[in-house]
**Q** 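Let me give you the structure first, and then I'll get to my questions.
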Amino acid sequence: MFLGAIPKPVAEQIVRSVPIGDWGEVYLCCSGSFRMEQAIGSSFAHVPIHSNDVSLYSTAIAQLALKQPIALTFRNRLAFVEEILKDSSDFGARVAAVLVAHDMSRFIRGNDYSKLHYAYYEAHFAELTGKAIEKLLKVMPEIRIASYFPGDWREHAERAVTAGAGVAAFPPFFKGDYEKQYAFLDDSIAWDAPTYDLYDPKQLDGILLGLEERGVPYCVVSDQVWEHRKPHMEFVAGRKKPHFGYWSAGKASLRRLFNRPEPFRYTPVDPTKITANSTLQIIRAEARHMNFLKDVYLAKGIVHSTGLVNFLVFLDGQLVGGIIYALSKYGDRHSVYLLSDVTVTGEGRLSKLVALLATSRTLVRLVEKKVMDRIGEVVTTARTKNAVSMKYRGIYELKTRRPSDIPEEGNILQYHSKVREQTPQELYDDWFKRHHAPNNKRRR
């Protein structure tokens with residue numbers, strides 16, 4: 001009666017291995033029979049689950065769980081079902097009829113075996129629907145979902161990014177698999193079906209890379225293996241397709257190869273040699289290079305988060321530091337979070353320069369292209385034992401100050417700045433006039 005697209009051992013392994021409880025919320029893509037919702041709900045009851053699928057099968061169950069009925073009209077080969085349901089106003093009965101109809105779809109071929117079974121379903125449809133209602137009533141309390149999105153799972157994953165949540169995705173292994181599996185239901189039941197782009201499993205690696213670039217926690221099950229990533233889980237049953245599990249963090253995980261710090265050649269900036277006429281250059285950087293810089297110049301033992309967009313800053317060909325943007329931690333889609341603004345020297349107030357450059361529209365525009373939205377503000381956080389951060393003072397506005405739960409950190413300061421319309425070179429010129437002090441060490 002209920003499809004089990006995700007094998008039970010796979011679901012059990014995921015909830016044991018993936019720290020979904022730390023995600024805040026989970027956007028579950030391709031719900032199928034809601035086996036993963038049940039597994040996650042029983043293991044992480046405090047985590048809201050936002051489900052998704054495009055099939056009538058899943059949508060009908062979800063709407064019943066949410067107590068939000070939708071219009072379903074049986075037609076064509078299932079037109080007789082309307083006569084069976086005519087005296088029932090219970091939406092649950094219609095959902096149960098959908099489940100029976102899907103079971104029935106296994107026998108739509110023209111051979112004698114299929115004809116015999118199809119005729120049995122027709123003759124006993126009312127009785128089978130009654131049994132399906134009983135099963136629904138038992139399973140509904142286990143499907144505790146906060147919302148449901150009937151549409152493209154890739155769009156649902158982007159909603160998770162916007163919400164700052166995690167993504168659990170279980171997309172089809174074959175192109176067109178959903179369309180074939182649910183063709184009978186779509187032809188025999190009229191409903192407000194969603195529109196979506198056909199998913200090709202070849203797209204999955206690129207989708208995961210996009211989540212990783214933006215630091216989005218995820219777990220996904222696929223039958224694919226890639227050279228640059230190793231599965232954290234493997235499940236094989238008989239001759240069926242193997243199930244490989246990949247996740248961003250959790251037990252049995254391996255560090256993602258492309259996130260490993262990778263050294264690169266550079267000349268550190270000499271603050272005493274830069275001038276008002278120095279040439280500023282800002283170039284895109286890869287996460288592995290930024291992680292190398294952070295390993296060298298930031299506090300040791302920090303687990304680095306992958307940013308959305310990364311930049312390296314040079315003056316006269318000498319490296320000053322780097323800038324890493326991430327999605328806003330505060331749920332405001334019109335702001336961007338300055339995840340890191342590292343410098344290679346503590347002299348010359350160059351940290352103030354990097355922080356200032358991070359507010360330039362020229363850089364932020366590349367983030368806007370990623371998130372497809374207008375950004376008006378840059379937000380960041382400083383940890384210091386002082387009342388203010390000297391790096392951000394005069395550039396950003398202090399919004400909040402609170403003591404850290406870790407006494408050694410002192411205060412946690414939240415700073416905001418409007419995005420500046422000046423070019424990076426114009427901001428450098430302004431910084432040089434107001435702040436350049438080659439013999440002064442940076443103060444935070």
**Q** Hey, is the main chain of Leu357 close enough, under 3.5 Å, to the side chain of Trp431 for a donor-acceptor pair?
**A**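 Such a contact is absent between Trp431 side chain and Leu357 backbone.
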
**Q** So that I know where these two stand, are Tyr113 and His117 an aromatic pair - ring centroids less than 6.0 Å apart?
**A**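 Under 6.0 Å, so yes.
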
**Q** Take Leu99 and Ile61, measure what side-chain contact (heavy atoms from CB on, under 4.5 Å) needs, and give me the verdict at the end.
**A** CA-CA 9 Å; Leu99 304 188; Ile61 296 173; 3.9 Å; yes

**Q** Going by atom types only, do Ser188 and Asn76 share a side-chain donor-acceptor pair under 3.5 Å?
**A**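 Result is no, nothing qualifies.
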
**Q** Rounded to the nearest 0.5 Å, what separation is found between the CD atom of Glu179 and the OG atom of Ser55?
**A**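 Here the interatomic distance stands at 10.5 Å.
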
**Q** Between Arg229 and Glu212, is there a side-chain N and carboxylate O pair less than 4.0 Å apart?
**A**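 Answer for the salt bridge query: yes.
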
**Q** Is there a donor-acceptor pair closer than 3.5 Å between any side-chain N or O of His334 and the backbone N or O of Arg374?
**A**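 Yes; at least one donor-acceptor contact below 3.5 Å.
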
**Q** Evaluate side-chain contact (heavy atoms from CB on, under 4.5 Å) for Thr380 paired with Tyr325, printing each intermediate quantity in order.
**A** CA-CA 10 Å; Thr380 193; Tyr325 294 109; over 6 Å; no

**Q** When you measure from the side chain of Ser360 to the backbone of Gln422, do you find a donor-acceptor pair of N or O atoms at a distance under 3.5 Å?
**A**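 Flag set: sc Ser360 to bb Gln422 pair under 3.5 Å.
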
**Q** Please report the closest heavy-atom contact between Thr362 and Thr423, naming both atoms and the distance.
**A**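 Distance-wise, the nearest heavy atoms are OG1-CA, 4.0 Å.
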
**Q** Does a salt bridge link Arg214 with Glu158, judged by any charged N lying under 4.0 Å from a carboxylate O?
**A**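 Salt bridge present between Arg214 and Glu158.
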
**Q** Take atom CG in Asp192; do more than 12 heavy atoms of anything else shown fall under 6.0 Å from it?
**A**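 At most 12 heavy atoms, drawn from other residues, nucleotides or ligands, come within 6.0 Å of this atom.
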
**Q** Please tell me if the side chains of Gln318 and Leu315 come closer than 4.5 Å, counting only heavy atoms from C-beta onward.
**A**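 No, every pair of side-chain atoms sits at 4.5 Å or beyond.
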
**Q** Looking at Glu426 and Arg420, does any basic side-chain N land under 4.0 Å from a carboxylate oxygen?
**A**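 Looking at Arg420 together with Glu426, the answer is no, because their closest N to O distance does not fall below 4.0 Å.
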
**Q** Between Ser42 (side chain only) and Ala39 (backbone N and O only), is there a donor and an acceptor less than 3.5 Å apart?
**A**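 Yes, Ser42 side chain to Ala39 backbone: donor-acceptor pair under 3.5 Å.
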
**Q** Judged by atom type as modelled, is there a donor-acceptor pair below 3.5 Å linking the side chain of Tyr392 to the main-chain atoms of Leu398?
**A**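 Not confirmed, Tyr392 side chain does not pair with Leu398 backbone.
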
**Q** Could you walk me through whether Ser105 and Leu185 pass side-chain contact (heavy atoms from CB on, under 4.5 Å), step by step?
**A** CA-CA 8 Å; Ser105 69; Leu185 289 187; 5.7 Å; no

**Q** Is any side-chain heavy atom of Arg144 closer than 4.5 Å to one of Ile49?
**A**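 No, every pair of side-chain atoms sits at 4.5 Å or beyond.
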
**Q** As a quick check of understanding, evaluate side-chain contact (heavy atoms from CB on, under 4.5 Å) for Met233 and Trp247, giving each step before the final call.
**A** CA-CA 9 Å; Met233 177 207 72; Trp247 34 86; 3.5 Å; yes

**Q** Side-chain contact, heavy-atom cut-off 4.5 Å: Phe235 with Val221?
**A**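 With C-beta onward as the side chain, the pair stays apart.
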
**Q** With sequence neighbours left out, write down each residue that passes side-chain contact (heavy atoms from CB on, under 4.5 Å) with Lys180, or none if nothing qualifies.
**A**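 Partners of Lys180 under the side-chain contact (heavy atoms from CB on, under 4.5 Å) test: none.
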
**Q** For a quick check under 3.5 Å, do Arg35 and Gln38 share a side-chain donor-acceptor pair by atom type?
**A**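 Absent: no donor and acceptor within the cut-off.
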
**Q** Under the 3.5 angstrom rule, does the side chain of Ser114 hit a backbone N or O of Ile108 as a donor-acceptor pair?
**A**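 Checking the backbone N and O of Ile108 against the side chain of Ser114, no donor-acceptor pair under 3.5 Å is found.
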
**Q** Can you label the angle between the Phe264 ring and the Phe292 ring as parallel, tilted or perpendicular, going by 30° and 60°?
**A**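 Judged by the thresholds at 30° and 60°, the geometry between Phe264 and Phe292 is perpendicular.
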
**Q** Any donor-acceptor pair under 3.5 Å linking the side chain of Asp53 with the backbone of Ser31?
**A**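 Checking the backbone N and O of Ser31 against the side chain of Asp53, a donor-acceptor pair under 3.5 Å is found.
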
**Q** What I'd like to find out is whether the side chain of Leu204 reaches to under 4.5 Å of the side chain of Leu208, using heavy atoms alone.
**A**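 In contact.
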
**Q** To the nearest 0.5 Å, how far apart are NE2 in His46 and CZ in Phe44?
**A**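 Output value for this atom pair is 7.5 Å.
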
**Q** If we ignore hydrogens and angles and just use 3.5 Å, is the side chain of Tyr415 paired with the main-chain N or O of Ser389 as donor and acceptor?
**A**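 Yes; at least one donor-acceptor contact below 3.5 Å.
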
**Q** List the residues meeting side-chain contact (heavy atoms from CB on, under 4.5 Å) with Pro172, not counting sequence neighbours, and say none if there are none.
**A**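 Only Cys30, Asp177, Tyr178, Tyr199 meet the side-chain contact (heavy atoms from CB on, under 4.5 Å) criterion with Pro172.
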
**Q** Please confirm whether the backbone N or O of Asp187 pairs with a side-chain atom of Arg75, one donor and one acceptor, at under 3.5 Å?
**A**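 Yes, Arg75 side chain to Asp187 backbone: donor-acceptor pair under 3.5 Å.
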
**Q** Cut-off 3.5 Å, side chains only: do Ser33 and Tyr57 have a donor facing an acceptor?
**A**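 There is no such pair between these side chains.
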
**Q** If I compare all heavy atoms of Ile375 with all of Val419, which pair ends up nearest, and what's the gap?
**A**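 Closest heavy-atom pair between Ile375 and Val419: O-CG2, 3.8 Å.
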
**Q** For residues Ile283 and Phe314, determine if any side-chain heavy atom of one lies less than 4.5 Å from a side-chain heavy atom of the other.
**A**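 With C-beta onward as the side chain, the pair touches.
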
**Q** Specify the closest pair of heavy atoms between Ala96 and Ile133, including all atoms of both residues, with the distance to one decimal.
**A**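 What the structure gives for the nearest pair is CB-CG1, 3.5 Å.
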
**Q** Compare every heavy atom of Val54 with every heavy atom of Gly151, then report the nearest pair and how far apart it is.
**A**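 Here Gly151 and Val54 meet closest at O-CG1, 3.1 Å.
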
**Q** Do the non-hydrogen side-chain atoms of Tyr246 and Val225 ever get within less than 4.5 Å of each other?
**A**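 Sidechains of Val225 and Tyr246: in contact.
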
**Q** Which heavy-atom pair separates Ala168 from Val26 by the least distance, and what is that distance?
**A**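 The answer is CB-CG2, 3.9 Å.
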
**Q** Within the side chain of Gln224, is there an N or O that forms a donor-acceptor pair under 3.5 Å with the backbone of Pro201?
**A**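 Looks like yes, one N/O pair under 3.5 Å.
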
**Q** Measure the shortest side-chain to side-chain distance between Tyr121 and Arg106 over non-hydrogen atoms and say whether it is less than 4.5 angstrom.
**A**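 Yes, their side chains come closer than 4.5 Å.
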
**Q** If you round to the nearest 0.5 Å, how far is OG1 of Thr345 from CG of Leu319?
**A**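 If we round to the nearest 0.5 Å, Leu319:CG and Thr345:OG1 are 11.0 Å apart.
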
**Q** Aromatic rings Phe74 and Phe125: how do their planes relate, parallel, tilted or perpendicular, breaks at 30° and 60°?
**A**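 The rings of Phe74 and Phe125 stand perpendicular, inter-plane angle above 60°.
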
**Q** Is the His228 ring parallel, tilted or perpendicular to the Trp226 ring (thresholds 30°, 60°)?
**A**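 Because their plane-to-plane angle lies in the 30° to 60° range, the rings of His228 and Trp226 count as tilted.
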
**Q** How many angstroms lie between atom CD1 of Ile14 and atom CD1 of Ile6, to the nearest 0.5 angstrom?
**A**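 Ile14 CD1 to Ile6 CD1: 6.5 Å, rounded to 0.5 Å.
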
**Q** Considering only NZ, NE, NH1 and NH2 on the basic side and carboxylate oxygens on the acidic side, decide whether Asp197 and Arg154 come within less than 4.0 Å.
**A**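 The answer is no: the pair does not qualify as a salt bridge.
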
**Q** Is NZ or CZ of Arg159 both nearer than 6.0 Å to the six-membered ring centre of Phe149 and within 45° of the ring axis?
**A**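 The answer is yes, since Arg159 meets both limits relative to Phe149.
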
**Q** Could you tell me if the side chain of Trp191 sits less than 4.5 Å from the side chain of Asp186, heavy atoms only?
**A**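 When only atoms from C-beta onward are counted, Trp191 and Asp186 do touch, with a gap below 4.5 Å.
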
**Q** Against Ile323, only a single residue in Leu312, Asn310, Leu338, Val309 fulfils side-chain contact (heavy atoms from CB on, under 4.5 Å); can you say which?
**A**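 Of the listed residues Leu312, Asn310, Leu338, Val309, the side-chain contact (heavy atoms from CB on, under 4.5 Å) partner of Ile323 is Leu338.
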
**Q** Rounded to the nearest 0.5 Å, how far does NZ of Lys115 lie from CG of Asn111?
**A**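 Output value for this atom pair is 8.0 Å.
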
**Q** Mind jotting down which residue pairs meet the ring-ring contact (aromatic ring centres under 6.0 Å, His included) criterion with at least one end in residues 351-383? Sequence neighbours excluded, please.
**A**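 The answer is none; no pair qualifies.
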
**Q** Atom CG of Leu64 and atom CG of Leu136: how far apart are they, to the nearest 0.5 Å?
**A**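 The distance works out to 6.0 Å.
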
**Q** For Pro69 and Phe91, work out which heavy atoms get closest and say how close.
**A**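 Answer, listing the atom of Pro69 first, then Phe91: CB-CG, 3.7 Å.
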
